Protein chains: 2
Amino acid sequence: MAPDSVREQELAVALLRRRGQRVTPVRRAVIEVLDQTTEHLAAEEIVLRVARTVPGAHRASIYRTLSSLSEIGILTHTHVAGAGAVYHLTATDRPGGEAHAHLQCTRCGRLLDIPVDALRGLARQLDRDLGFELEPEHAALMGVCADCRAASDRTG
Amino acid sequence: MAPDSVREQELAVALLRRRGQRVTPVRRAVIEVLDQTTEHLAAEEIVLRVARTVPGAHRASIYRTLSSLSEIGILTHTHVAGAGAVYHLTATDRPGGEAHAHLQCTRCGRLLDIPVDALRGLARQLDRDLGFELEPEHAALMGVCADCRAASDRTG
DNA sequence: CTGCTTGCAAAGTGTTTGCAGGCCC
DNA sequence: GGGCCTGCAAACACTTTGCAAGCAG
């Protein structure tokens with residue numbers, strides 16, 4: 001495991017403590033699982049992976065953990081069509097961990113990341129016009145990805 | 001019922017026929033329910049309202065209808081956090097039926113409409129950079145609404 | 001020790017599916 | 001009449017909840 005990862009996990013753990021939350025094996029495991037990937041994992045997938053290090057860990061505890069960690073801001077979750085919520089560590093300075101927004105293809109369901117900067121203009125506009133504070137990381141924009149467009153061009 | 005509504009429904013029915021789909025009481029009822037409101041209705045709410053005109057209508061049939069009508073393009077659905085999908089008639093020229101995108105508040109869950117024009121610039125950018133065709137009506141952007149921001153300003 | 005967290009089981013919500021019969025066209 | 005749609009019931013996927021025991025601090 002890269003030193004960066006260890007540091008990342010410790011930061012998260014420290015944040016937990018600072019918020020008066022307890023550091024338990026389940027919580028450590030959830031953080032570790034999410035720290036070991038840049039993917040967006042569904043709760044069920046996290047359950048599976050946590051089971052590898054904490055065999056007894058129960059589904060419900062993990063859901064509760066995901067919820068607590070999201071509240072504190074350690075995790076970010078996005079609701080995607082057809083798959084419930086997906087989770088990832090809130091972006092920090094770790095490599096590949098830049099803040100990003102999400103695009104989802106309505107045809108193939110694939111999830112794409114885009115830099116939050118792409119939404120900066122829109123965010124400013126919504127704030128100015130409606131007083132709405134956009135949370136770009138939380139955004140899930142739907143549409144048709146390049147591959148699926150190409151496919152339908154061929155089909156007619 | 002306004003003449004506009006009647007015409008709107010007939011357009012939908014005609015479109016159904018044109019696509020070789022059958023026009024049944026359940027389908028008529030679903031279209032009628034959605035035509036009588038500008039709200040975004042959850043499937044379950046549609047089930048309730050359809051029951052008023054077609055008492056025997058079954059949940060499953062209505063879900064299947066919602067899915068068929070969405071495929072044809074008569075309906076548009078948006079996935080919202082914590083409430084599954086919400087449906088509305090695809091925007092046409094009817095009053096209050098302009099195409100719109102959706103904002104959802106992460107605090108209070110409220111759904112706000114914004115004109116699709118607000119996303120025009122972003123859509124162009126995504127198309128140019130990624131070949132991604134944004135479907136603005138399908139978009140559900142998350143953030144904090146003005147009311148909730150005001151509330152948290154007060155609370156600290 | 002105190003009480004936040006966990007494990008367990010069951011219920012809850014939202015949606016889908018297989019099948020036989022019914023109705024639209 | 002042929003076959004798309006419907007009603008029914010059960011299954012499904014995802015998540016939440018009440019409770020007693022356990023462990024972190």
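By convention in this document, chain letters (A, B, ...) are assigned in the order of the sequence lines, proteins followed by strands, and residues within each chain are numbered from 1. Keep in mind the model is a prediction, meaning the values are calculated, not measured.
- Partners of A:Arg110 according to the salt bridge (charged side-chain N to carboxylate O under 4.0 Å, His left out) rule, which considers only residues two or more places apart in sequence or in another chain, are A:Asp147.
- Put simply, CD1 on B:Ile72 is 14 Å from P on D:dC4, counting in whole angstrom units.
- The CG-P distance, from B:Leu66 to C:dT16, rounds to 9 Å in whole Å.
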Quiz prompt | Base-contact (B) and sugar-phosphate-only (S) positions in nucleotides 8-15 of chain D, heavy-atom cut-off under 4.0 Å, - elsewhere | solution = BB----SB

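- In terms of hydrophobic clustering, with Ile, Leu, Val, Met, Phe, Trp and Tyr side chains grouped at heavy-atom distances under 4.5 Å, A:Ile46 and A:Ile72 are assigned to a common cluster.
- Judged as a salt bridge (charged side-chain N to carboxylate O under 4.0 Å, His left out), and not counting sequence neighbours, B:Arg19 has no contacts.
- Side-chain atoms of B:Thr106 come within 3.5 Å of backbone atoms of B:Gly143 as a donor-acceptor pair (strictly under, hydrogens ignored).
- Rounded to whole angstrom, the span from the CZ atom of A:Arg27 across to the C1' atom of D:dG25 amounts to 13 Å.
- Partners of B:Arg124 according to the salt bridge (charged side-chain N to carboxylate O under 4.0 Å, His left out) rule, which considers only residues two or more places apart in sequence or in another chain, do not exist here.
- The separation between B:Leu48 atom CG and C:dG14 atom P is 11 Å, rounded to whole Å.
- Scored by the ring-ring contact (aromatic ring centres under 6.0 Å, His included) test, A:Tyr87 finds A:His77 as partners (sequence neighbours excluded).
- One interatomic measurement links the two molecules: CD1 of B:Ile62 to P of D:dG7, which rounds to 8 Å at whole-angstrom precision.
- Sequence neighbours left out, not one pair with a member in residues 9-36 of chain B passes ring pair (Phe, Tyr, Trp, His ring centres under 6.0 Å).
- Counting only residues at least two apart or on different chains, the ring pair (Phe, Tyr, Trp, His ring centres under 6.0 Å) pairs with a member in residues 27-49 of chain A are A:His40-A:His88, A:His40-A:His100, A:His40-A:His102.
- For the pair B:Arg19 CZ and D:dC5 P, the interatomic distance rounds to 13 Å; values are reported in whole Å.
- Note on the helix from C:dC1-D:dG25 to C:dC25-D:dG1: terminal axis deviation equals 40°, with five pairs used at each end and the result rounded to 10°.
- Members clustered with A:Leu130: A:Leu103, A:Leu112, A:Ile114, A:Leu119, A:Leu122, A:Leu126, A:Phe132, A:Leu134, A:Leu141, B:Leu103, B:Leu112, B:Ile114, B:Leu119, B:Leu122, B:Leu126, B:Leu130, B:Phe132, B:Leu134, B:Leu141, by chain and number, using a 4.5 Å side-chain heavy-atom cutoff among hydrophobic residues.
- Cluster note: B:Val80 groups with B:Val86, B:Leu111 through ILVMFWY side-chain heavy atoms spaced under 4.5 Å, whether in direct contact or through intervening members.
- Following rounding to the nearest Å, B:Glu45 (CD) and C:dT15 (P) show an atom-to-atom distance of 13 Å.
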N/O donor-acceptor pairs under 3.5 Å from side chains in residues 48-58 of chain B, not counting sequence neighbours:
| unit_1 | atom_1 | unit_2 | atom_2 | d |
| --- | --- | --- | --- | --- |
| B:Arg49 | NE | B:Glu45 | OE2 | 2.7 |
| B:Arg49 | NH2 | B:Glu45 | OE2 | 3.3 |
| B:Thr53 | OG1 | B:Val50 | O | 3.2 |
| B:His58 | ND1 | B:Ala60 | N | 3.0 |

Quiz item: What string of B, S and - do you get for nucleotides 20-25 of chain C 5' to 3' if you count protein non-hydrogen atoms under 4.0 Å?
Solution: ----BS

